[in-house]
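One structure is given here, and the rest of the page talks about it.
In this chain, numbering begins with 1 at the start of the sequence shown. No experiment lies behind these values; they were computed from the predicted model shown.
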Amino acid sequence: MTSKHFLIHFILNNVNIKYIAVGNDFCFGKNRIGNITYLKKMSEIYKFVIFFQPNLGLHGMRISSSLIKKKILSGKFIEFKNLLGHDFYISGKVRHGTKRKGLLVF
């Protein structure tokens, strides 16, 4: 999907966005066309403020969302905690299902 389509239809039309914060290597959309220059241009048209966050690091390692996802998916929660400074947690509401009776197979 193009950067423009994603930004307009999924972000600007669905969320009353006022601010966007991105890292200096941020890209999105088809062929990673949506970059910092593109967001600056769009922020002038659609009146939102863009903040740029320099790279964060710890012990010579760059902290990124990709690194955080890898730590979570591999179950390395201690390393996750060291990188972000807090425990991993998931929150949400429990939705009740149809309460069907049946065999539970693992």
Side-chain angles (χ1 to χ4, degrees):
M1 149 182 341
T2 67
S3 303
K4 183 174 185 177
H5 183 81
F6 178 79
L7 182 65
I8 292 171
H9 295 285
F10 290 97
I11 304 299
L12 299 175
N13 286 348
N14 289 314
V15 181
N16 188 19
I17 196 107
K18 301 284 185 222
Y19 307 95
I20 296 178
V22 297
N24 62 346
D25 60 350
F26 175 79
C27 292
F28 69 102
K30 185 177 181 181
N31 299 323
R32 298 175 55 88
I33 299 292
N35 56 22
I36 292 171
T37 304
Y38 176 77
L39 280 177
K40 282 182 186 176
K41 182 174 136 183
M42 297 304 276
S43 72
E44 294 168 8
I45 297 168
Y46 292 100
K47 307 299 181 211
F48 59 86
V49 178
I50 183 140
F51 294 98
F52 301 102
Q53 173 66 48
N55 286 338
L56 298 175
L58 183 66
H59 307 298
M61 181 178 11
R62 181 175 172 265
I63 300 173
S64 67
S65 60
S66 298
L67 177 62
I68 298 301
K69 285 184 250 180
K70 283 180 188 175
K71 298 298 179 191
I72 293 169
L73 292 173
S74 63
K76 296 180 178 176
F77 299 110
I78 303 277
E79 292 178 31
F80 171 93
K81 182 177 180 176
N82 291 336
L83 292 171
L84 287 189
H86 60 79
D87 287 323
F88 174 78
Y89 64 92
I90 298 174
S91 66
K93 290 187 174 188
V94 174
R95 291 180 40 184
H96 294 281
T98 58
K99 300 182 187 323
R100 289 189 225 171
K101 293 183 182 187
L103 180 63
L104 204 53
V105 179
F106 291 96

Fill in: Hphob cluster co-occupancy, V94 + I90, side-chain heavy atoms under 4.5 angstrom
no
Please set out all donor-acceptor pairs under 3.5 angstrom arising from side-chain atoms of residues 76-84, sequence neighbours excluded.
unit_1 : atom_1 : unit_2 : atom_2 : d
E79    : OE1    : K71    : NZ     : 2.5
K81    : NZ     : D87    : OD1    : 3.4
N82    : ND2    : I78    : O      : 3.4

Discussion item. Would F6 and K30 count as a side chain to side chain contact (heavy atoms under 4.5 Å, CB included) here? Give the steps.
Written reply: CA-CA 10 Å; F6 178 79; K30 185 177 181 181; over 6 Å; no
Worksheet item: Roughly how far, to the nearest 0.5 Å, is OG of S3 from CG of N35?
Response: 8.0 Å
Worksheet item: Where do R62 and S64 come nearest, in terms of heavy atoms and distance?
Response: NH1-CB, 3.4 Å
Worksheet item: With the 4.5 Å side-chain cut-off for hydrophobic clustering, are I45 and L7 part of the same group?
Response: yes
Worksheet entry | Common cluster, M42/I33, ILVMFWY with side-chain heavy-atom separation under 4.5 Å | no
Worksheet item: Between atom NZ of K41 and atom OH of Y46, what is the distance when rounded to the nearest 0.5 Å?
Response: 10.5 Å
Worksheet item: To the nearest 0.5 Å, what is the distance between CD1 (I8) and CG (N14)?
Response: 12.0 Å
Discussion item. According to a hydrophobic-cluster definition based on side-chain heavy atoms being under 4.5 Å apart (Ile, Leu, Val, Met, Phe, Trp, Tyr only), do F10 and F48 belong together?
Written reply: yes
Response to the item:
Taken to the nearest 0.5 Å, the spacing of I36 CD1 from C27 SG works out to 7.5 Å
Fill in: Point-to-point distance, once rounded to the nearest 0.5 Å, from CG of L67 to CD1 of I72
10.0 Å
Discussion item. Contact between V22 and I50 at the side-chain level, heavy atoms closer than 4.5 Å - yes or no?
Written reply: yes
